[in-house]
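Here the structure comes first, spelled out in structure tokens, and everything after it is commentary.
By convention in this document, chain letters (A, B, ...) are assigned in the order of the sequence lines, proteins followed by strands, and residues within each chain are numbered from 1. Note that the structure is a prediction, hence the values are computed from the model and not measured.
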2 protein chains.
Amino acid sequence: MKSATEHMAVKDDLLRLDRQLCFPLYAASRLITRLYQPMLEPLGLTYPQYIVMLILWEDAPCSVSRVGERALLNSNTLTPLLKRLEHLGYVRRARGTADERVVQISLTAAGNALKIDCACVPETLLANVSYSPEKAIALKESLDELIRKLQEAPGRNST
Amino acid sequence: MKSATEHMAVKDDLLRLDRQLCFPLYAASRLITRLYQPMLEPLGLTYPQYIVMLILWEDAPCSVSRVGERALLNSNTLTPLLKRLEHLGYVRRARGTADERVVQISLTAAGNALKIDCACVPETLLANVSYSPEKAIALKESLDELIRKLQEAPGRNST
DNA sequence: TTCGATCACTTCGCACGCGATCTAATATAC
DNA sequence: GTATATTAGATCGCGTGCGAAGTGATCGAA
């Protein structure tokens with residue numbers, strides 16, 4: 001039978017920072033954001049705004065909730081973010097005519113044109129980080145699976 | 001030779017949300033935080049505060065900059081966070097005697113005791129997500145490598 | 001048809017994250 | 001020994017994230 005001290009040692013181990021999966025996720029996410037920032041700043045975009053623009057280039061015009069589904073962001077984050085994109089002149093926000101509850105987001109000419117300026121962003125990034133494309137693809141697939149599992153998990157799965 | 005249209009199509013592809021590595025990182029990180037939140041809330045902790053406590057349980061007493069090195073966070077984030085942990089009664093902040101520029105962070109009795117309450121957090125989390133430990137370990141190793149590459153990358157590597 | 005759900009979004013409050021800047025203490029140059 | 005540079009934290013401003021609560025529009029059951 002394990003002594004109380006041994007039992008504590010096991011628990012201790014599980015709480016070590018270098019044993020956590022959560023921390024490298026948190027850290028890598030922030031490091032990536034820092035890497036994008038200098039490329040996006042000249043365009044007036046923050047990193048979350050860039051993600052939303054990626055979605056809009058695929059889906060616009062679409063509702064706030066549609067953007068939220070894809071970005072996994074709630075409307076309380078998106079509303080102010082979209083207002084900033086509107087002030088920047090990249091998107092328009094308009095209440096739907098059929099259903100006045102929904103706000104349709106559409107791209108302005110400037111918003112569409114921005115896509116050209118962003119085209120080089122992913123390449124530039126890859127060039128700056130010496131991480132092999134194969135590993136990047138494998139990592140992305142692992143993360144996609146983890147995300148699916150996390151969304152299945154119990155708890156607040158709001159969005 | 002590729003036509004302008006074909007060239008655009010390639011660029012288009014690189015900007016698809018489901019082709020980005022950055023997005024699953026960003027999304028997974030936030031989903032993980034959401035998963036921890038209900039476990040940490042009863043203890044009065046936010047997720048970043050939990051990360052800092054993990055570091056302190058290993059390293060305390062230590063300086064603010066030491067915490068920052070490990071968490072990859074700057075003092076402008078840590079100072080208010082540590083003040084909140086101080087208000088919660090988990091840590092003490094005191095200027096060093098040898099060098100009055102450094103602020104030493106030490107754990108209170110409550111801060112040490114909190115470790116016992118957190119011992120079950122990693123296990124509970126694993127139990128809630130049906131993600132195999134082998135995959136989790138592989139994912140963590142991939143992320144650790146990515147983090148190393150990101151820290152080597154040019155740009156603002158402040159911390 | 002009308003009145004209570006439900007829905008889509010907004011607003012509010014609080015805690016990050018981080019670039020930029022400030023302050024006080026220490027190190028270094030001369 | 002004084003002047004300058006560097007360092008460790010703190011402060012400020014802004015943009016997220018997100019729980020909770022609010023508002024107005026639509027849906028559904030009685």
Side-chain angles (χ1 to χ4, degrees), chain A residues 26-38 40-42 44-53 62-69 71-88 93-105 155-159, chain B residues 26-38 40-42 44-53 62-69 71-88 93-105 155-159:
Chain A
Y26 169 66
S29 176
R30 285 184 294 108
L31 288 173
I32 289 271
T33 304
R34 289 186 200 171
L35 209 58
Y36 272 88
Q37 202 265 338
L40 299 177
E41 201 221 79
L45 292 181
T46 64
Y47 177 74
Q49 288 168 7
Y50 170 72
I51 296 293
V52 167
M53 289 305 293
C62 69
S63 67
V64 173
S65 50
R66 171 70 182 144
V67 177
E69 272 169 36
L72 304 182
L73 287 169
N74 301 323
S75 67
N76 50 6
T77 299
L78 284 174
T79 296
L81 187 155
L82 289 167
K83 282 187 181 173
R84 277 173 213 118
L85 288 179
E86 190 181 33
H87 272 109
L88 286 170
R93 289 161 5 94
R95 289 277 167 189
T97 44
D99 187 336
E100 283 199 25
R101 287 173 303 180
V102 324
V103 171
Q104 291 288 337
I105 311 297
R156 286 187 239 276
N157 274 1
S158 66
T159 293
Chain B
Y26 169 65
S29 176
R30 285 183 294 107
L31 288 173
I32 289 270
T33 303
R34 288 186 201 172
L35 209 59
Y36 272 89
Q37 202 266 339
L40 299 177
E41 200 221 79
L45 292 181
T46 64
Y47 177 74
Q49 287 167 9
Y50 169 73
I51 295 293
V52 168
M53 289 305 294
C62 69
S63 66
V64 172
S65 50
R66 171 72 181 141
V67 178
E69 272 169 36
L72 303 183
L73 287 170
N74 302 322
S75 69
N76 49 7
T77 299
L78 284 174
T79 296
L81 187 155
L82 289 166
K83 281 187 182 173
R84 276 173 216 119
L85 287 178
E86 189 181 35
H87 272 109
L88 286 169
R93 299 166 58 250
R95 288 276 167 190
T97 44
D99 186 337
E100 283 198 26
R101 287 173 303 179
V102 322
V103 170
Q104 292 290 337
I105 310 297
R156 287 186 239 278
N157 274 1
S158 66
T159 295

Whole-Å distance separating the NE2 atom of B/H87 from the P atom of C/dC16
14 Å

Quick one, give me the B/S/- string for nucleotides 7-13 of chain C, reading 5' to 3', where B means a protein heavy atom under 4.0 Å from the base and S means that only happens at the primed atoms, P, OP1 or OP2.
BSBBBB-

Return the value, rounded to whole Å, for the distance between atom CE of A/M53 and atom P of D/dT16.
13 Å

Does A/R34 place a side-chain N or O at less than 4.0 Å from the phosphate oxygens OP1/OP2 of C/dG17?
no

I need the CG-P distance between B/L72 and C/dG19, as an integer number of Å.
13 Å

Could you give the CD-to-P distance, from B/E41 to C/dC16, as a whole number of Å?
14 Å

Here the distance between atom P of C/dC16 and atom CZ of A/R30, to the nearest Å, is 12 Å

To the nearest angstrom, the CG-P distance between B/L81 and D/dT11 comes to 15 Å

Kindly indicate whether a cation-pi arrangement holds for B/R30 with B/Y26, taking the cut-offs as under 6.0 Å to the six-membered ring centre and within 45° of the axis.
yes

Checking all strands, does A/R84 fall into the base, sugar-phosphate, or nothing category for heavy-atom contacts under 4.0 angstrom?
base

B/N74 (side chain) donor-acceptor with B/N76 (main chain) under 3.5 angstrom:
no

Let me know the distance between CG of A/L73 and P of C/dC16, rounded to the nearest Å.
19 Å

